[in-house]
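Both counts, for ligands and for their atoms, begin at 1 and track the order of listing.
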Amino acid sequence: MTDLKSLADAIIKGNQDAAKTITSSALDEAIAAKDILDNGLIAGMNVIGERFKKGEVFVPEVLFAARAMKAAMEILEPALAKAGVKPIGKFLIGTVQGDIHDIGKNLVAMMLKGAGFEVIDLGVDVSPEKFIENAKSANVSLIGISALLTTTMPGMEKTLKALKEAGISAKVMIGGAPVTQSYADKIGADGYAADAASAVDLAKALVA
Ligand code: B1M
């Protein structure tokens with residue numbers, strides 16, 4: 001009988017092959033897809049998220065874990081869809097207009113996927129119009145904007161204002177190295193997170 005703890009361990013270690021093999025065996029043994037997701041994949045990503053927050057692991061370990069999670073998800077997704085398992089929220093994310101930094105944003109996106117969100121990643125240099133268009137067409141519950149430059153931070157305020165004017169009701173959270181909670185408060189964002197693991201905690205709180 002497949003032990004889902006071993007799947008969580010494979011994710012934590014970033015062992016892609018083991019994650020795929022254990023996911024396949026668990027499905028063969030008719031273990032519920034949701035159980036595999038919650039107690040294997042998400043459990044492993046949660047551990048990595050906590051360790052990252054505490055500074056016990058760094059960006060490469062998180063990237064390896066996310067890559068293993070992605071590989072296992074490709075096997076699990078058809079079973080999840082068949083079982084009618086819904087994501088915990090739809091999250092639209094992008095780096096603000098004028099800014100092409102995406103390493104941190106990608107980490108946040110991966111961790112959100114790992115936590116069970118459906119993530120639509122618009123990439124970098126995203127205009128307010130593109131955020132609006134996609135927020136409307138995908139009917140998302142949350143929007144995340146990342147900025148790495150002090151010079152592009154005002155684009156976050158501009159995007160927030162444009163989203164409000166367009167009548168988008170999704171909550172908006174922001175982050176990135178120069179961004180702070182007080183900046184988020186100042187521009188009226190619904191939340192700020194300092195790192196990818198905190199972004200997951202915040203996203204969960206905002207959709208709760
Ligand atoms: Co750029 N760059 N860069 N750069 N770059 C910085 C940011 C800089 C601090 C370097 C420096 O001068 N010391 C500086 C900004 C100064 C400032 O504005 N205060 C800078 C500059 C000036 C520039 C250029 C203007 C340089 C030039 O051309 N003259 C130029 C800008 C181009 C543009 O965007 N238009 C530029 C270009 C580049 C590269 C293309 C070479 C490359 C980007 C590659 C890429 O992203 N694909 C690059 C890089 C790599 C950096 C540094 C070295 C590393 C950034 C990074 O990826 N960190 C950076 C200096 C540094 O930080 N040491 C620097 C790792 C990443 C995991 O952390 O992105 O902070 P971070 O993400 C964290 C959190 O912030 C948070 O979670 C993540 C994980 O914990 N987070 C969120 C991020 N987004 C979030 C969203 C959330 C929540 C949390 O909710 C939605």
Query raised in the report: If you measure from atom 65 (C) of ligand 1 to every heavy atom of Val200, Ile103, Val179, which option wins on shortest distance?
Result: Ile103

Query raised in the report: Taking all atoms of both residues into account, what is the closest heavy-atom pair of Ile36 and Ala26, and its distance?
Result: CD1-CB, 3.5 Å

Report summary line: Per-atom filter on ligand 1: closer than 4.0 angstrom to a heavy atom of Gly176 are 75 (O), 81 (N), 82 (C), 83 (C), 84 (N), 85 (C)

Requested in this report: Report the nearest protein non-hydrogen atom to atom 18 (O) of ligand 1: residue, atom name, distance rounded to 0.1 Å.
Outcome: Thr150 N, 2.9 Å

**Report entry** Contact atoms of ligand 1, heavy-atom distance to Asp99 under 4.0 Å
**Finding:** 34 (O)

Requested in this report: Provide the number and element of each atom of ligand 1 under 4.0 Å from a heavy atom of Asp195.
Outcome: 76 (C), 77 (O), 80 (O)

Report task. Group every Ile, Leu, Val, Met, Phe, Trp and Tyr by side-chain heavy-atom contacts under 4.5 Å, then state whether Leu148 and Ile143 land in the same group. Result -> no

Report summary line: Nearest heavy atom to atom 88 (C) of ligand 1, choosing from Gly98, Ala193, Ala189, belongs to Ala193

Report task. State the atoms of ligand 1, each with its element, that fall below the 4.0 Å cut-off from a heavy-atom position in Ile174. Result -> 87 (C), 90 (O)

Report task. Indicate whether atom 61 (C) of ligand 1 is within a distance of less than 4.0 angstrom of some protein heavy atom. Result -> no

Query raised in the report: Among protein heavy atoms, which sits nearest to atom 78 (C) of ligand 1, and what does the distance come to when rounded to 0.1 Å?
Result: Gly104 CA, 3.8 Å

Requested in this report: State, to 0.1 Å, how close Pro128 and Gln97 come at their nearest heavy-atom pair, and which atoms those are.
Outcome: CD-OE1, 3.4 Å

Query raised in the report: Between Lys130 and Leu122, which heavy-atom pair has the shortest distance, and what is it?
Result: NZ-O, 3.6 Å

Report task. Answer yes if the side chains of Thr2 and Glu29 hold a donor-acceptor pair under 3.5 Å, and no otherwise. Result -> yes

Query - Side-chain ion pair, Lys5 and Asp9, N-O less than 4.0 Å - result: yes

Query raised in the report: Heavy-atom contact under 4.0 Å between Tyr192 and ligand 1?
Result: no

Query raised in the report: Does Lys13 NZ have over 12 foreign heavy atoms under 6.0 Å away?
Result: no

Report task. Treat each ILVMFWY residue as a node, draw an edge where side-chain heavy atoms are under 4.5 Å apart, and state whether Ile42 and Leu206 are in one component. Result -> yes

Query raised in the report: Does Glu133 have any salt bridge (Lys or Arg N to Asp or Glu O under 4.0 Å) partners at least two apart in sequence or in another chain, and if so, which?
Result: none

Query raised in the report: If you measure from atom 32 (C) of ligand 1 to every heavy atom of Thr152, Ile100, Asn106, Asp102, which option wins on shortest distance?
Result: Ile100

Report task. Could you tell me whether Tyr183 atom OH has more than 12 heavy atoms of other residues or ligands within 6.0 Å of it? Result -> yes

Query raised in the report: Within the side chain of Asp190, is there an N or O that forms a donor-acceptor pair under 3.5 Å with the backbone of Val172?
Result: yes

**Report entry** For Met156 against Gly175, the heavy-atom pair lying closest together
**Finding:** CE-O, 3.6 Å

Requested in this report: Identify, by atom number and element, the atoms of ligand 1 in contact range of Gly144, meaning under 4.0 Å from any of its heavy atoms.
Outcome: 91 (C)

Query raised in the report: Nearest protein heavy atom to atom 15 (C) of ligand 1: under 4.0 Å?
Result: yes

Report task. Mind checking the OG-CE spacing from Ser198 to Met111? Nearest 0.5 Å is all I need. Result -> 9.0 Å

Query raised in the report: Are there protein heavy-atom neighbours of atom 69 (O) of ligand 1 below 4.0 Å?
Result: yes

**Report entry** Proximal ligand 1 atoms for Leu107, defined as those under 4.0 Å from one of its heavy atoms
**Finding:** 67 (C), 79 (C)

Report task. Verify the contact flag for atom 26 (C) of ligand 1, where contact means a protein heavy atom under 4.0 Å away. Result -> no

Report task. Scan Leu142, Ile93, Val140 and name whichever one has a side-chain contact (heavy atoms from CB on, under 4.5 Å) with Phe117. Result -> Leu142

Query raised in the report: Looking only at heavy atoms, what is the nearest atom pair of Ala10 and Ala19, with distance?
Result: CB-N, 3.8 Å

Query - Nitrogen or oxygen atoms of Ser146 and ligand 1 under 3.5 Å apart - result: yes

**Report entry** Non-hydrogen atoms of Lys204 and Ala115 that approach each other most closely
**Finding:** CE-CB, 4.1 Å

**Report entry** Ion pair Glu50/Lys54, N-O distance below 4.0 Å
**Finding:** no

Requested in this report: Check whether any protein heavy atom sits under 4.0 Å from atom 39 (C) of ligand 1.
Outcome: no

Report summary line: At a cut-off of 2.8 Å, protein N/O/S around atom 1 (Co) of ligand 1 gives His101 NE2

Report task. Please check atom 4 (N) of ligand 1 for a protein heavy-atom neighbour under 4.0 Å. Result -> yes

**Report entry** Option nearest atom 74 (C) of ligand 1 (shortest heavy-atom distance, choices Ala194, Ala184, Ala196)
**Finding:** Ala194

Query raised in the report: Is the closest protein non-hydrogen atom to atom 8 (C) of ligand 1 under 4.0 Å?
Result: no

Report summary line: Under 4.0 Å from one or more heavy atoms of Gly175, ligand 1 contributes atoms 82 (C), 84 (N), 85 (C), 86 (C), 87 (C), 88 (C), 89 (C), 90 (O)

Requested in this report: Please confirm whether Phe91 comes within less than 3.5 Å of ligand 1 when only nitrogen or oxygen atoms on both sides are compared.
Outcome: no

**Report entry** Per-atom contact, atom 20 (C) of ligand 1, protein heavy atoms, under 4.0 angstrom
**Finding:** yes

Query - Other residues, nucleotides, ligands: >12 heavy atoms within 6.0 Å of Lys171 NZ - result: no

Query raised in the report: For Met173 and ligand 1, does the shortest N/O to N/O distance drop below 3.5 Å?
Result: no

